[in-house]
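For clarity, every value in this text was computed on a predicted model and none was experimentally measured.
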Amino acid sequence: MAGTTVLETTVADIMAELATLEEPRAREVNEKHGDDHGVNLSKLRAVAKRLKIQQDLSRELWDTGDTAAKLLSLLICRPKEFERDELDTMLREARTPKVHDWLVNYVVKKSPHSEELRVAWFTDPDPVVASAGWALTSERVVKKPEGLHLDQLLDIIEASMKDAPERLQWAMNHCLAQIGIEFPEHRARALDIGERLEVLKDYPTPPNCTSPFAPSWINEMVRRKG
């Protein structure tokens, strides 16, 4: 019990520290993007750097249910120590965009279970879960495309992306762009799908940033590759 008390006290101390890092303006901006926390992420990373890697503490922070604590937990965990079902449960609990993105990018992609989860999530009826499957598929398109049926992926994107829920639509669009960028033999079709569906065509893009509109994205990245 003593060990548990120490761990609970540590979590309580961290939660109190996170509360002091709360910035009303940051929360206001984050909430516009669906993230219910107001902690500056640079300050959060500084806390993680001080704590270093602590898997047990990571799990305790995740279990608080607090978004800032979940983000911190993902920065101090050991990705390879999570079991497959544990990661599946965590993803289904990760309902805010930043927690979802960090979990997929910082943890699941480094897990030995990533491919099994990619396949399972890809066809999940929950569009947020399915978006994680598509994110992992985009990763494979770039890093390990062997065994992927790119024509079939383009078929699904062509049929489903236009009316997909926002998070899933973004993930499909990313996959479309990566296929067009990485595979010249599929580029014309990827560009055609993007032009016809017009997904994110009018998305406001800051100066000097690449538009998420797939045809613009593909053409710009191909140009940079020279």
Side-chain angles (χ1 to χ4, degrees), residues 32-35 87-88 91-92 94-111 113-226:
K32 289 180 180 178
H33 299 95
D35 291 306
L87 289 172
D88 182 72
L91 186 84
R92 295 173 192 280
R95 306 313 295 182
T96 61
K98 186 65 70 176
V99 172
H100 177 99
D101 291 344
W102 281 22
L103 176 60
V104 172
N105 288 299
Y106 296 172
V107 181
V108 179
K109 286 181 179 180
K110 299 176 183 178
S111 166
H113 309 292
S114 61
E115 178 60 14
E116 183 182 355
L117 289 168
R118 181 190 76 81
V119 173
W121 292 340
F122 188 82
T123 56
D124 196 278
D126 183 331
V128 176
V129 175
S131 74
W134 278 89
L136 294 172
T137 300
S138 295
E139 174 92 346
R140 269 203 61 186
V141 166
V142 176
K143 295 185 176 180
K144 193 179 179 182
E146 298 80 9
L148 288 178
H149 299 288
L150 300 181
D151 278 328
Q152 291 180 14
L153 289 175
L154 291 174
D155 287 345
I156 297 170
I157 292 168
E158 187 171 19
S160 307
M161 183 173 73
K162 180 75 171 179
D163 298 317
E166 183 180 11
R167 299 282 293 282
L168 180 55
Q169 185 183 71
W170 271 88
M172 286 183 167
N173 183 71
H174 189 185
C175 191
L176 174 65
Q178 294 294 10
I179 291 172
I181 292 164
E182 299 293 332
F183 295 92
E185 65 271 31
H186 294 287
R187 188 169 298 149
R189 186 182 177 198
L191 288 168
D192 178 65
I193 291 171
E195 291 287 0
R196 283 188 291 105
L197 298 188
E198 298 187 332
V199 169
L200 301 176
K201 184 175 183 178
D202 299 321
Y203 190 82
T205 305
N208 302 318
C209 290
T210 303
S211 170
F213 178 48
S216 300
W217 188 354
I218 292 167
N219 288 326
E220 174 60 18
M221 296 311 294
V222 170
R223 183 191 68 79
R224 290 184 192 180
K225 287 185 175 185

Pairs where residues 140-150 contributes a residue and the test salt bridge (Lys or Arg N to Asp or Glu O under 4.0 Å) is met, not counting sequence neighbours: Glu115-Arg140, Glu139-Lys143
Test side chain to side chain contact (heavy atoms under 4.5 Å, CB included) on Lys98 and His33 and set out the steps. CA-CA 9 Å; Lys98 186 65 70 176; His33 299 95; over 6 Å; no
For [X], which residues count as a salt bridge (charged side-chain N to carboxylate O under 4.0 Å, His left out) partner, sequence neighbours excluded?
X: Arg187; value: none
X: Asp88; value: Arg92
X: Arg167; value: none

Is any side-chain heavy atom of [Y] closer than 4.5 Å to one of [X]?
X: Pro145; Y: Glu182; answer: no
X: Trp217; Y: Leu176; answer: no
X: Leu153; Y: Thr137; answer: yes
X: Val108; Y: Arg118; answer: no

Which atom pair, heavy atoms only, marks the closest approach of [X] to [Y]?
X: Asn173; Y: Pro212; result: ND2-O, 2.7 Å
X: Trp121; Y: Leu87; result: CZ2-O, 4.0 Å
X: Ser131; Y: Ala171; result: O-CB, 3.5 Å
X: Ala135; Y: Lys109; result: O-CE, 4.4 Å
X: Phe183; Y: Val141; result: CE1-O, 3.6 Å

Does Glu166, at its CD atom, have more than 12 non-hydrogen atoms belonging to other residues, nucleotides or ligands within less than 6.0 Å?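 No, because the 6.0 Å sphere around CD of Glu166 holds 12 heavy atoms or fewer from other groups.
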Mind checking whether Tyr106 and Trp102 have parallel, tilted or perpendicular rings, split at 30° and 60°? tilted
Any donor-acceptor pair under 3.5 Å linking the side chain of Asn219 with the backbone of Pro215?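 Indeed, once roles are kept as given, a pair shorter than 3.5 Å links the two residues.
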Looking at Cys175, is its backbone amide N or carbonyl O close enough to the side chain of Ser138 to form a donor-acceptor pair, meaning the two atoms are under 3.5 Å apart? yes
At what distance, to the nearest 0.5 angstrom, does [atom1] of [X] lie from [atom2] of [Y]?
X: Lys162; Y: Ile157; atom1: NZ; atom2: CD1; result: 15.0 Å
X: His186; Y: Ile181; atom1: NE2; atom2: CD1; result: 14.5 Å
X: Ser160; Y: Gln169; atom1: OG; atom2: CD; result: 11.0 Å
X: Leu91; Y: Leu103; atom1: CG; atom2: CG; result: 5.5 Å
X: Leu168; Y: Asp126; atom1: CG; atom2: CG; result: 9.5 Å
X: Ser111; Y: Glu116; atom1: OG; atom2: CD; result: 9.0 Å

Please identify each residue that fulfils side chain to side chain contact (heavy atoms under 4.5 Å, CB included) with His149, with sequence neighbours left out. Gln152
Contacts under 3.5 angstrom, residues 197-209 side chains, donor-acceptor by atom type, not counting sequence neighbours:
unit_1	atom_1	unit_2	atom_2	d
Glu198	OE2	Lys201	NZ	3.4
Thr205	OG1	Tyr203	O	3.2

